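Below: one structure, written as structure tokens.
What you see is a predicted model; the values in this text were computed from it and never measured. Protein chains get the first letters and strands the later ones, always in sequence-line order, with residue 1 at the start of each.
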Amino acid sequence: MKFSASRAIMAQKLMARIVLKELEKKTVLFKASTEKAIVGLDVAYRRLSGTEYAYGVALLYDAAKKSAVDCMVATRAVCVPYIPGLLAFREMAVLGPLAVKAIEKWRPSVFFVDGHGLSHPRRIGIATHVGFATRTPSIGVAKKKLVGVIRNGYVVVDGEPLAAVIRTPTGSTIYVSPGYGVTLEDARRTVLKYLKHKLPEPLRLADAISKASKKLVEPSRDFKIHPCPRLLEVGA
DNA sequence: GCGACAG
DNA sequence: ATCTTGTCGC
């Protein structure tokens, strides 16, 4: 079936009703400093003879050892266009199944996802989709602002802070927002603990591996998890 | 109409 | 995000 932007928006509004209600009731599943295992999720794309493929990476980061300890790479042809605000529908095709596998295999405390969570037009960014779909805490980390204005270090919409604006050690700016089951302050504090470069370690490493995988892994039409390339040397 | 617009 | 060469700077 062809992708329908209007139906996707309807779906997000329905999800928002549930997620925001839980957030009001302070249904918190994760608190800062309780993390044992963090899984960084990122997606890279590659055009190959008329078909566009998505390379999804799930990287397991050990909070105690402060290093990456495992990773998975998954590929599949993408079937949804990129539309601001609807990024989740494009990336979930590969991140959804991959996140489920990551939970079964690693039992992570929280997911770090590239992209916004709460700081989204309907409060349902990619990070929220991942967390809600898997009922696992998640935090969104974006490199560009999508909505709102910046006031006192936060992205604000209608007077409500939706994301923390953080200046990274490399001088760039990132926007950290709650995905699912996490408060804004806990999301901010947690990301800060792993911020050594432009992105928190679990995401920086997942990003490096997803890009490197494009020339080391043959993509498949349908969703498939490949043997993880021995790339943990990419800064880990 | 104009500007904005995650990855 | 991706397409792309060299190049300026820490």
Side-chain angles (χ1 to χ4, degrees), chain A residues 3 5-6 8-9 11-12 15-16 19 40-59 73-96 98-99 111-132 138-150 154-158 162-166 168-180 184 187-188 191 196-200 202-217 219:
Chain A
F3 178 72
S6 60
I9 289 174
Q12 287 188 326
M15 288 175 59
V19 175
L41 259 26
D42 187 33
V43 183
Y45 296 89
R46 175 193 183 191
R47 183 122 230 156
L48 223 176
S49 58
T51 305
E52 188 172 24
Y53 295 94
Y55 283 70
V57 167
L59 179 132
V73 175
T75 62
R76 66 156 290 170
V78 300
C79 50
V80 177
Y82 166 67
I83 299 174
L86 300 180
L87 171 68
F89 294 89
R90 177 176 171 78
E91 307 215 318
M92 278 301 276
V94 65
L95 285 192
L98 186 57
F111 281 122
F112 278 9
V113 185
D114 70 299
H116 291 93
L118 226 208
S119 43
H120 171 279
R122 289 166 293 281
R123 310 292 185 272
I124 297 288
I126 175 67
T128 314
H129 278 250
V130 170
F132 183 64
S138 63
I139 294 171
V141 179
K143 295 179 288 298
K144 291 190 232 172
K145 188 169 67 65
L146 177 58
V147 296
V149 294
I150 298 176
Y154 289 89
V155 167
V156 175
V157 172
D158 294 332
L162 302 181
V165 179
I166 299 176
T168 73
T170 53
S172 57
T173 299
I174 59 175
Y175 306 86
V176 177
S177 63
Y180 181 76
L184 174 54
R188 185 183 63 75
V191 166
K196 303 303 176 190
H197 299 80
K198 181 172 188 160
L199 288 173
L203 280 180
R204 182 179 69 83
L205 297 167
D207 178 77
I209 292 175
S210 68
K211 281 175 173 130
S213 293
K214 289 194 290 180
K215 52 182 184 179
L216 295 177
V217 176

Measure NE2/His120(A) against C1'/dA6(B) and give the value in whole Å, please. 8 Å
Can Tyr82(A) be called stacked on dG7(B) when the rule is centres closer than 5.5 Å and an angle between planes below 30°? yes
Can you measure Phe89(A) atom CZ to dG7(B) atom P for me and round it to whole angstrom units? 18 Å
Rounded off to whole Å, could you give me the CG-to-P distance for the Leu86(A) and dA1(C) pair? 19 Å
Can you tell me if Ser138(A) uses its side chain to pair, donor with acceptor, with the backbone of Tyr180(A) under 3.5 Å? yes
Any side-chain N or O of Lys214(A) under 4.0 Å from OP1/OP2 of dA1(C)? no
May I ask you to evaluate whether Lys211(A) reaches the phosphate of dA1(C), defined as a side-chain N or O under 4.0 Å from OP1 or OP2? yes
Atom CG of Leu95(A) and atom P of dA1(C): how far apart are they, to the nearest Å? 14 Å
Under 4.0 Å, counting only non-hydrogen atoms across every strand here, what does Leu41(A) touch: a base, just sugar-phosphate, or nothing? nothing
Taking every non-hydrogen atom, the tightest pair across Leu86(A) and Ile9(A): CD2-CG1, 3.9 Å
Rounded to whole Å, CG of Leu203(A) lies from C1' of dA6(B) at a distance of 13 Å
Please give me the minimum heavy-atom distance between Val191(A) and Ile174(A), naming the atom from each residue. CG1-CD1, 4.3 Å
If you measure from CG on Leu87(A) to CD1 on Ile126(A), what distance do you get to the nearest 0.5 Å? 5.5 Å
Choose from dG7(B), dT2(C), dA6(B) the nucleotide whose nearest atom is closest to any side-chain atom of Arg90(A). dG7(B)
Treating His120(A) as the side-chain partner and Arg122(A) as the backbone partner, does any N or O pair qualify as donor plus acceptor under 3.5 Å? yes
Please report, rounded to the nearest Å, how far the C1' atom of dA6(B) is from the CG atom of Leu162(A). 14 Å
Looking for any heavy atom pair under 4.0 Å, which part of the strands does Gly85(A) touch: base, sugar-phosphate only, or nothing? base
Which whole-number value in Å describes the distance from Ile83(A) CD1 to dA1(C) P? 18 Å
Grab the OH-P distance between Tyr55(A) and dA1(C) for me, whole Å please. 16 Å
Using only side-chain N and O atoms of Lys143(A), determine if any of them is under 4.0 Å from OP1 or OP2 of dA1(C). yes
